[in-house]
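Computed from a predicted model, the values in this text were never measured in an experiment. Note that these values count all heavy atoms, side chains included, but never hydrogens, waters or copies made by symmetry.
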Amino acid sequence: MSLVGNWSYPTAIKFGAGRIKELPEACKHAGIKRPLLVTDKGLADLPITKDTLDIMEAAGLGHGLFSQVDPNPNEANLTDGVKAYIAGGHDGVIAFGGGSGLDLGKVVAFMAGQTRPVWDFEDIGDWWTRADADAIAPIVAVPTTAGTGSEVGRASVITNSQTHEKKIIFHPKVLPSVVICDPELTVGMPKFITAGTGLDAFAHCVEAYSSPHYHPMSQGIALEGMKLVIDNLPRAYADGTDIEARANMMSAAAMGATAFQKGLGAIHALSHPIGAMYHTHHGTTNAICMPAVLRFNAPAIKDRFDLAAGYLGIKGGFEGFQSFVQDFNDSLAIPKRVSELGVGNPDIETLVKGALIDPSCGGNPIELTEENLTALFREVL
């Protein structure tokens, strides 16, 4: 079976090995003549980035690069990125990388033409309508990991470095115009990044499937996304050059982000403040939190996972799924506690406050409170 396709849901996606060569065509489709490629510090000097810049230059698109992006991008990175965008006379952004490069690239394109501070566009109510939609620059997204799915998202997560809170910045036009999903770009990922990003995609699917909100399309996408991760993440982890497994994981990542339009939950409500305060890897933190959250949500989600387990090839219904998740983490060398990521003497009271205001709370099937979040943080930390 050829893992190549041209998809228009949720946006235009050029999927398949080697398709990074079509970047000039994607920019033309998006109306971009002078793009700024935004990526993170770790990717800036790697061959995949240099090759992409060469493709841009050969097509007459220039060689614009901004790479001062932290693992948990913040408003200082954003300010610098917008300055680089304006100074270079750019007319669009190529958001390139994992979650950090994709998220910051999208917000640079969003904020370059705005006059209000970025926090005025947090995903609260109709705050997005405050933006000048006509001033939002076009975006082409190129993921180099298979995890966040930010390439098909209408929002970005930006850390407020002053308050140590992760904020979701939302606008419908932050959805990239064109996405290039080329699994060859993920071949160089080390094992721990393959595992952490892959389990981020899995967490997105698990939480979307668990959410009580009504969205049957997302429910179906979440179920198939879980299956793709279960069947392919061990293969990609064992052999990073397995292009079929890498391609299926790239699909699962996009599916997870599409599915969580239905909602996220306690996994992300816990993970976001931990990452904002202690700079832990997001996907790995999600994976550590998942077993505890499944136990906590059991009364509300048992029936639906009893049904899902059979399709996923897991015996024992929901209880079997719970056991599988812990074994899956163990097989991918995921720590059992966040303390193993270097978090010592955590400020649980502040973490709980951060979790309670996180938008992910609203998608959890059991209401989250100060009391039960304190217990969950103690268990995962």
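- Residues K336 and E340 are not paired through a salt bridge, judged by the lack of any N-O separation under 4.0 Å between the basic side chain and the carboxylate.
- Checking side-chain atoms of Y85 against main-chain N and O of D80 turns up no donor-acceptor pair under 3.5 Å.
- A 6.0 Å sphere centred on CD of Q326 holds more than 12 heavy atoms belonging to other residues, nucleotides or ligands.
- For N6 and K14, the side-chain atoms include no donor-acceptor pair closer than 3.5 Å.
- There is no path of hydrophobic side-chain contacts, each under 4.5 Å, that joins V140 to I13.
- Rounded to the nearest 0.5 angstrom, F321 CZ and I301 CD1 are separated by 8.0 Å.
- Scanning for ring pair (Phe, Tyr, Trp, His ring centres under 6.0 Å) contacts around F328 gives F202, F324, with sequence neighbours left out.
- When atom types are taken as modelled, the side chain of H90 and the backbone of P35 share a donor-acceptor pair closer than 3.5 angstrom.
- We find the CG-OG distance between L381 and S339 to be 7.5 Å, quoted to the nearest 0.5 Å.
- Between E184 and R19 no salt bridge is recorded (no basic side-chain N to carboxylate O distance below 4.0 Å).
- Taking 4.5 Å as the limit, every side-chain heavy atom of S331 sits out of range of all side-chain heavy atoms of P234.
- K50 and D45 are not joined by a salt bridge, as no carboxylate oxygen comes within less than 4.0 angstrom of a charged side-chain nitrogen.
- Sequence neighbours left out, the pairs with a member in residues 101-122 that pass side-chain hydrogen bond (donor to acceptor under 3.5 Å, both in side chains) are D103-S150, K106-S150, R116-D120.
- Side-chain N or O atoms of D91 include one that pairs as donor or acceptor with a backbone N or O of K33 at under 3.5 Å.
- There is a side-chain donor-acceptor pair under 3.5 Å between E75 and S161.
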Query raised in the report: Given I94 and M56, is the side-chain contact (heavy atoms from CB on, under 4.5 Å) satisfied, shown in steps?
Result: CA-CA 10 Å; I94 298 170; M56 290 166 54; 3.8 Å; yes
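- No donor-acceptor contact under 3.5 angstrom links the side chains of S67 and T39, judged on distance only.
- For Y214, the OH atom sits in a loose shell: 12 or fewer heavy atoms of surrounding residues, nucleotides or ligands are nearer than 6.0 Å.
- Checking side-chain atoms of N77 against main-chain N and O of Q68 turns up a donor-acceptor pair under 3.5 Å.
- Put simply, the side chain of N364 gets close to the backbone of A266: a donor and an acceptor are under 3.5 Å apart.
- Under 4.0 Å is where a charged nitrogen must lie from a carboxylate oxygen, and between K28 and E25 no such pair does.
- The aromatic rings of F260 and H204 stand perpendicular to each other, their planes meeting at an angle above 60°, with 30° marking the opposite boundary.
- Without hydrogens or angle criteria, R304 side chain to S210 main chain gives a donor-acceptor distance under 3.5 Å.
- With F318 as the aromatic partner, K302 does not meet the cation-pi criteria of under 6.0 angstrom to the ring centre and within 45 degrees of the ring axis.
- The number of heavy-atom neighbours closer than 6.0 Å to NE2 of H215, taken from other residues, nucleotides and ligands shown, is above 12.
- Within 6.0 Å of CG on N345 lie no more than 12 heavy atoms contributed by other residues, nucleotides or ligands.
- With no hydrogens or angles considered, a side-chain donor-acceptor pair links E224 and Y311 at under 3.5 Å.
- Within a 6.0 Å radius of NZ in K21, other residues, nucleotides and ligands contribute 12 heavy atoms or fewer.
- We find the CG-CD1 distance between L175 and I136 to be 11.5 Å, quoted to the nearest 0.5 Å.
- Between F121 and H171, the ring center distance fails the sub-6.0 Å criterion.
- Results of the side-chain contact (heavy atoms from CB on, under 4.5 Å) test with I243 over L3, T186, V187 single out V187 as the only residue that passes.
- Across I139 and A109, no two heavy atoms sit closer than the pair CG1-CB, 3.5 Å.
- Between the side chains of N286 and H268, at least one donor N or O sits under 3.5 Å from an acceptor N or O.
- In this structure, L36 is not a member of the same hydrophobic cluster as L23, with clusters built from ILVMFWY side-chain heavy atoms closer than 4.5 Å.
- Summarising the geometry of I366 relative to A300, their closest heavy-atom pair is CG1-CB, 4.0 Å, with the distance given to 0.1 Å.
- With rounding to the nearest 0.5 Å, the separation of CG in L270 from CZ in F377 is 4.5 Å.
- For the residue pair T241 / R246, no side-chain donor-acceptor distance below 3.5 Å is found, with atom types taken as modelled.
- Not a single donor-acceptor pair under 3.5 Å links the side chain of S8 to the backbone N or O of T11.
- Under a hydrophobic clustering in which Ile, Leu, Val, Met, Phe, Trp and Tyr are joined whenever their side-chain heavy atoms come within less than 4.5 Å, directly or via other members, I48 and V69 fall into different clusters.
- For the pair K166 and I158, the minimum side-chain heavy-atom distance is 4.5 Å or more.
- With salt bridges taken as basic N to acidic carboxylate O contacts below 4.0 Å, none links K262 and E207.
- In this structure, I32 CD1 and S177 OG are separated by 6.5 Å, a value rounded to the nearest 0.5 Å.
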Query raised in the report: Could you go step by step and tell me if K353 and E370 meet the side-chain contact (heavy atoms from CB on, under 4.5 Å) rule?
Result: CA-CA 8 Å; K353 288 178 181 176; E370 187 174 337; over 6 Å; no
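- Residues Q261 and R154 are in side-chain contact: their nearest non-hydrogen atoms beyond the backbone lie under 4.5 Å apart.
- Between T159 and K167 there is no side-chain heavy-atom pair separated by less than 4.5 Å.
- We find that R235 and D239 are not joined by a salt bridge, their nearest charged nitrogen and carboxylate oxygen being 4.0 Å or further apart.
- No side-chain donor-acceptor contact under 3.5 Å links N248 and S251.
- Separating the CG atom in L185 from the OG1 atom in T52 is a distance of 6.0 Å, to the nearest 0.5 Å.
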**Report entry** Candidate pair I314 and I230, rule side-chain contact (heavy atoms from CB on, under 4.5 Å), full reasoning
**Finding:** CA-CA 10 Å; I314 296 168; I230 289 169; 4.1 Å; yes
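- A heavy-atom distance below 4.5 Å is found between the side chains of M290 and L294.
- Linking Ile, Leu, Val, Met, Phe, Trp and Tyr residues whenever their side-chain heavy atoms come within less than 4.5 Å places I169 and V108 in a single cluster.
- By the rule that hydrophobic residues join a cluster once side-chain heavy atoms approach within less than 4.5 Å of another member, I267 and I348 end up as members of one cluster.
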Report task. Run the numbers on R337 and E379 for salt bridge (charged side-chain N to carboxylate O under 4.0 Å, His left out), then give the verdict. Result -> CA-CA 8 Å; R337 297 288 179 266; E379 185 173 353; 5.6 Å; no
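- Using a 4.5 Å heavy-atom threshold, the side chains of L199 and T284 count as separate.
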Query - Residue pair M250, F15: steps toward the side-chain contact (heavy atoms from CB on, under 4.5 Å) verdict - result: CA-CA 9 Å; M250 193 162 254; F15 190 100; 4.2 Å; yes
